[in-house]
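Bear in mind the structure is a predicted one, so any value in this text is a computation, not a measurement.
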2 protein chains.
Amino acid sequence: MSTPERLIESTRELLWERGYVGTSPKAIQQHAGAGQGSMYHHFAGKPDLALAAIRRTAQEMRATADGVLGGTGSAYERIEAYLLRERDVLRGCPVGRLTMDPDVVASDELRAPVTETLDWLRDRIAGIVQEGQERGEFAATLDAQAIAATVVATVQGGYVLARASASPAAFDTGVRGLLALLFAATTPAP
Amino acid sequence: MSTPERLIESTRELLWERGYVGTSPKAIQQHAGAGQGSMYHHFAGKPDLALAAIRRTAQEMRATADGVLGGTGSAYERIEAYLLRERDVLRGCPVGRLTMDPDVVASDELRAPVTETLDWLRDRIAGIVQEGQERGEFAATLDAQAIAATVVATVQGGYVLARASASPAAFDTGVRGLLALLFAATTPAP
DNA sequence: GTCTATATACAGATAGAC
DNA sequence: GTCTATCTGTATATAGAC
């Protein structure tokens with residue numbers, strides 16, 4: 001891997017683990033096996049490098065989610081597949097965790113990929129819920145956008161619960177509760 | 001307010017806003033209007049002060065939640081009251097945000113109040129769901145612990161969505177979706 | 001209890017040699 | 001492109017005077 005590549009990948013790792021505020025240029029250089037001068041040759045500074053890392057992480061999360069949500073099956077099944085997909089639960093969401101980073105939230109540029117990704121995810125899920133409603137699978141009275149927001153929030157909050165208890169179980173339990181509620185909102189096939 | 005009090009309160013504010021990693025002793029001193037020597041006279045250092053602050057914040061959150069959850073009304077209504085209670089949504093949860101702080105999670109002492117508070121909250125809500133089931137208000141097939149985890153996760157994740165979009169609307173939308181699903185899981189009064 | 005002085009290390013770069 | 005030197009400021013304290 002080229003040096004800029006290693007720097008971006010290292011930054012992604014460290015941002016995920018320690019956040020923007022907790023990640024120093026020095027730590028990035030050491031993780032990437034690159035020198036000081038090398039890093040500043042390829043990137044203008046910490047914010048520039050972080051932007052590249054955040055954009056890539058956001059892009060990757062989007063692709064992963066799209067892959068699962070675009071699968072086959074009923075609306076319920078596709079949302080279920082998304083909720084049950086394999087996750088590194090205790091590491092948290094590499095995109096969502098950035099919303100708790102004051103310096104990321106304070107910067108329009110750094111926050112933009114986070115905003116866009118979570119907005120996209122919500123809309124993507126809302127589309128599936130709506131599809132399910134058109135097919136008579138979900139009750140037509142539901143607000144697709146609201147259900148989608150609940151789904152995304154449960155995932156993001158599930159990470160919080162899991163990290164608080166230092167165990168992935170809490171994430172799974174929250175997801176199980178949501179799936180039970182969602183299933184109860186499906187209408188039996190005619 | 002006494003100097004130790006001002007130091008604790010300042011630390012609470014800064015932990016809420018910038019997290020543990022992003023909060024320096026110097027910033028605390030300035031916010032509290034206390035000198036360097038003064039702070040180190042009353043507290044052993046940053047972790048000691050943070051522990052006092054986190055404990056108090058956790059205690060306060062518990063008291064607030066208990067006040068709302070212990071109100072009158074049906075199980076659904078009490079959970080609804082908790083979900084709709086006034087919140088400083090864009091600031092996030094002062095307890096939950098600590099789970100994204102690497103230094104807090106790495107310390108058993110600092111993490112303990114976070115773990116305990118979220119565990120307590122989950123159990124408290126599970127008790128209410130179960131009560132609702134015993135009264136025939138909620139379907140008996142639901143897993144009370146799972147529903148409680150979903151409720152807490154939706155709130156914690158709602159903060160993430162709100163901060164990502166820099167607007168409290170996403171929090172409200174997620175809560176609305178959850179309430180719709182919960183309501184659909186109630187059985188009509190006989 | 002509070003203040004000032006001092007100390008070591010790290011944060012986040014810039015400059016210029018190679 | 002990469003390296004080393006250098007720089008200013010901050011992080012997180014400790015020591016001792018008042």
Side-chain angles (χ1 to χ4, degrees), chain A residues 1-56 97-98 100-111, chain B residues 1-56 97-98 100-111:
Chain A
M1 223 185 335
S2 68
T3 299
E5 270 308 304
R6 286 199 327 274
L7 284 165
I8 292 178
E9 289 302 314
S10 295
T11 304
R12 297 209 311 144
E13 288 290 320
L14 291 168
L15 283 182
W16 194 357
E17 197 173 319
R18 306 205 29 97
Y20 182 86
V21 168
T23 298
S24 70
K26 189 177 188 179
I28 294 170
Q29 292 150 26
Q30 288 174 341
H31 190 284
Q36 189 108 333
S38 192
M39 179 190 132
Y40 283 102
H41 172 74
H42 294 290
F43 297 94
K46 177 174 161 177
D48 185 35
L49 186 43
L51 182 58
I54 291 174
R55 280 189 174 144
R56 185 174 295 183
R97 73 112 56 232
L98 297 172
M100 295 302 150
D101 226 303
D103 291 5
V104 171
V105 174
S107 154
D108 286 342
E109 254 196 316
L110 293 179
R111 194 184 57 247
Chain B
M1 226 185 333
S2 68
T3 298
E5 271 306 305
R6 286 199 327 273
L7 284 165
I8 292 178
E9 288 302 314
S10 295
T11 304
R12 296 209 313 145
E13 288 289 321
L14 291 169
L15 283 182
W16 194 358
E17 197 173 320
R18 306 204 31 96
Y20 182 85
V21 169
T23 297
S24 69
K26 188 178 188 178
I28 294 170
Q29 292 150 26
Q30 289 174 341
H31 190 284
Q36 189 109 331
S38 192
M39 179 191 132
Y40 283 102
H41 173 73
H42 295 289
F43 298 92
K46 176 175 162 177
D48 185 36
L49 186 42
L51 183 58
I54 291 173
R55 281 188 174 144
R56 184 174 296 184
R97 74 112 55 230
L98 297 172
M100 295 303 150
D101 227 302
D103 291 4
V104 170
V105 174
S107 155
D108 286 341
E109 254 197 312
L110 292 179
R111 195 185 56 247

At a heavy-atom distance below 4.0 Å, what parts of residues 40-49 of chain B sit against DNA chain C?
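Listed by number, they are B:His41, B:His42.
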Contacts to DNA chain C from residues 3-15 of chain B, heavy-atom cutoff under 4.0 Å, which residues?
B:Thr3
Whole-Å gap separating [atom2] ([N]) and [atom1] ([X]):
X: A:Gln29; N: D:dG1; atom1: CD; atom2: P; answer: 18 Å
X: A:Gln30; N: C:dG12; atom1: CD; atom2: C1'; answer: 14 Å
X: B:Ile28; N: D:dT12; atom1: CD1; atom2: C1'; answer: 11 Å
X: A:Lys26; N: C:dA13; atom1: NZ; atom2: C1'; answer: 13 Å

Got a second to check how far B:Ser24's OG is from B:Leu14's CG, nearest 0.5 Å?
8.0 Å
From B:Leu7 atom CG to B:Gln29 atom CD, the distance as rounded to the nearest 0.5 Å:
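Going from CG on B:Leu7 over to CD on B:Gln29, the span is 7.5 Å.
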Could you run down the sub-3.5 Å N/O contacts of the protein with nucleotides 3-6 of chain C?
from	atom 1	to	atom 2	distance (Å)
C:dC3	OP2	B:Gly35	N	3.3

Rounded (10°) bend between the five-pair end axes of the helix from C:dG1-D:dC18 to C:dC18-D:dG1:
0°
Give one of base, sugar-phosphate or nothing for A:Thr23, where a contact means two heavy atoms less than 4.0 Å apart.
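Sugar-phosphate contact only - A:Thr23 comes under 4.0 Å of backbone atoms but never of a base.
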All pairs passing salt bridge (Lys or Arg N to Asp or Glu O under 4.0 Å) where residues 28-39 of chain B contributes a residue, at least two apart:
none
Applying salt bridge (Lys or Arg N to Asp or Glu O under 4.0 Å), which residue pairs with at least one partner in residues 14-26 of chain B are found, sequence neighbours left out?
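Listed by first then second residue: A:Asp103-B:Arg18.
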When you measure from the side-chain N and O atoms of B:Ser24 to the phosphate of D:dA11, is any distance below 4.0 Å, counting only OP1 and OP2?
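The answer is yes; a side-chain N or O of B:Ser24 sits under 4.0 Å from OP1 or OP2.
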Which pairs would a plain distance check flag for residues 33-49 of chain A, meaning a side-chain donor or acceptor within less than 3.5 Å of a matching protein atom at least two apart in sequence or in another chain?
from	atom 1	to	atom 2	distance (Å)
A:Lys46	NZ	A:Tyr20	O	2.9
A:Lys46	NZ	A:Thr23	O	2.8
A:Asp48	OD2	A:Ala44	N	2.9

Non-hydrogen atoms of [X] and [Y] that approach each other most closely:
X: B:Ala52; Y: B:Ile8; result: CB-CD1, 4.0 Å
X: B:Ala53; Y: B:Leu15; result: CB-CD1, 4.1 Å
X: A:Met100; Y: B:Arg97; result: O-NH2, 2.6 Å

Any pair with a residue in residues 4-15 of chain B that passes side-chain hydrogen bond (donor to acceptor under 3.5 Å, both in side chains), sequence neighbours left out, goes on the list, sorted by first then second residue, please.
B:Glu5-B:Arg56, B:Glu9-B:Arg12, B:Glu9-B:Arg56, B:Ser10-B:His31, B:Arg12-B:Thr57, B:Arg12-B:Glu60, B:Glu13-B:Arg91
